[in-house]
Amino acid sequence: MRLMIIGPQGVGKGTQSLLLSEALGIPHISTGDLFRSHASAQSDLGRRAQQYLNAGELVPDAVTNAMVADRLSADDTTNGYLLDGFPRTLDQAHWFTETQGPDRDLQAVILLEAPLEELLQRMLARGRDDDQPEIIHRRLELYRTTTQPLLDHYANLLIPIDGTGAVADVHTRILTALTEQAGAVPVGTGEPMALTAASHPTEQKPLWPRPRWTVQ
Ligand code: ADP
């Protein structure tokens, strides 16, 4: 199954992605993780990305897209993948659809959400290098300005999930929604089902009231 998970910084995408990739038997591909490992290995790509990571800015599409294309060419993506952090802009989404073609494009998009206060608390507690108040605000602002067009673009694939509460509960919510709305089959429960265009979720009701995005 070919999935993307999207949501604001600190909402728990990384944690949930690991659980989900295990449950569905597909690799978790996080552009943030890829950039960080390139940066710590001081590869050419890592050096080019570093300054953007430090500032909380988006890495230019040419660098990002090339890295994703390279990762997706690996054999472990044959049965699908879970993209985390990509596509992050409409341009990246268009590039992705064009280069992958319909057979390799996304089948469902999980939107994980939580109120702003909770996100800030989680990020400050996590304390990654770029989890400092000013940089967090910059990343949240970028999320707010670049994500809405993406949500509109993927409207008929969108599966909104409440990201508050215990990790295990959020995981169950995601898995249940994916199984019911997008035909996902968790590992060990049967043959993975191919999704056809007709089985894409078309009309999505928000599962819970959306938080309002205001970043000071
Ligand atoms: P967060 O979502 O909390 O900012 P990520 O680990 O997803 O954390 O990303 C960390 C950084 O990696 C971003 O601030 C950005 O610099 C870079 N990055 C990740 N994904 C992309 C992308 N698709 N396009 C451009 N830059 C990206």
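Order of appearance sets the numbers: ligands from 1, and atoms from 1 within every ligand. As a basis for the values below, the full set of heavy atoms in this structure was taken, side chains included, without hydrogen atoms, waters or symmetry mates. Note that the coordinates shown come from a computational prediction; the quantities given were computed from them, not determined experimentally.
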Between T15 and V170, does a side-chain contact (heavy atoms from CB on, under 4.5 Å) hold up when you go through it step by step? CA-CA 10 Å; T15 307; V170 178; over 6 Å; no
Under 4.0 Å, heavy-atom basis, I'd like to know which part of [X] is in contact with ligand 1: side chain, backbone, both or neither.
X   : answer
L58 : both
M67 : neither
Q92 : side chain

[atom] - nearest protein heavy atom and its distance:
atom                    : value
atom 10 (C) of ligand 1 : R36 NH1, 3.7 Å
atom 5 (P) of ligand 1  : G32 CA, 3.9 Å
atom 16 (O) of ligand 1 : E57 O, 2.5 Å
atom 12 (O) of ligand 1 : L53 CD2, 3.2 Å

With respect to G85, determine whether any N or O atom, backbone or side chain, lies less than 3.5 Å from an N or O atom of ligand 1.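 Yes, at least one N or O pair falls under 3.5 Å.
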Using distance alone, determine whether D33 and ligand 1 share an N or O pair under 3.5 Å.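 No; every N/O pair is 3.5 Å or more apart.
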When you check the gap from the basic side-chain N to the acidic O, do R144 and E141 get nearer than 4.0 Å? no
Check this for me: does any side-chain nitrogen of one of R71 and D76 sit under 4.0 Å from a carboxylate oxygen of the other? yes
Option set N65, I135, T31, V68, criterion heavy-atom distance to atom 21 (C) of ligand 1, minimum: T31
For atom 13 (C) of ligand 1, tell me which residue out of R88, Q9, R139, Q51 has the closest non-hydrogen atom.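 Looking at heavy atoms only, the winner is R88.
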Is there a heavy atom in M123 that sits closer than 4.0 Å to ligand 1?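 For ligand 1, residue contact (heavy atoms, under 4.0 Å) with M123 is absent.
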Is R126 close enough to touch ligand 1? Criterion: a residue heavy atom under 4.0 Å from a ligand atom.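 In this structure, R126 qualifies as a contact of ligand 1 - some heavy atom is under 4.0 Å.
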Option passing side-chain hydrogen bond (donor to acceptor under 3.5 Å, both in side chains) with D131 (candidates Q9, R139, R122): R139
Can you tell me how far the CD1 atom of I6 sits from the CG atom of L158, to the nearest 0.5 Å?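 Interatomic distance, I6 CD1 to L158 CG, rounded to 0.5 Å: 8.0 Å.
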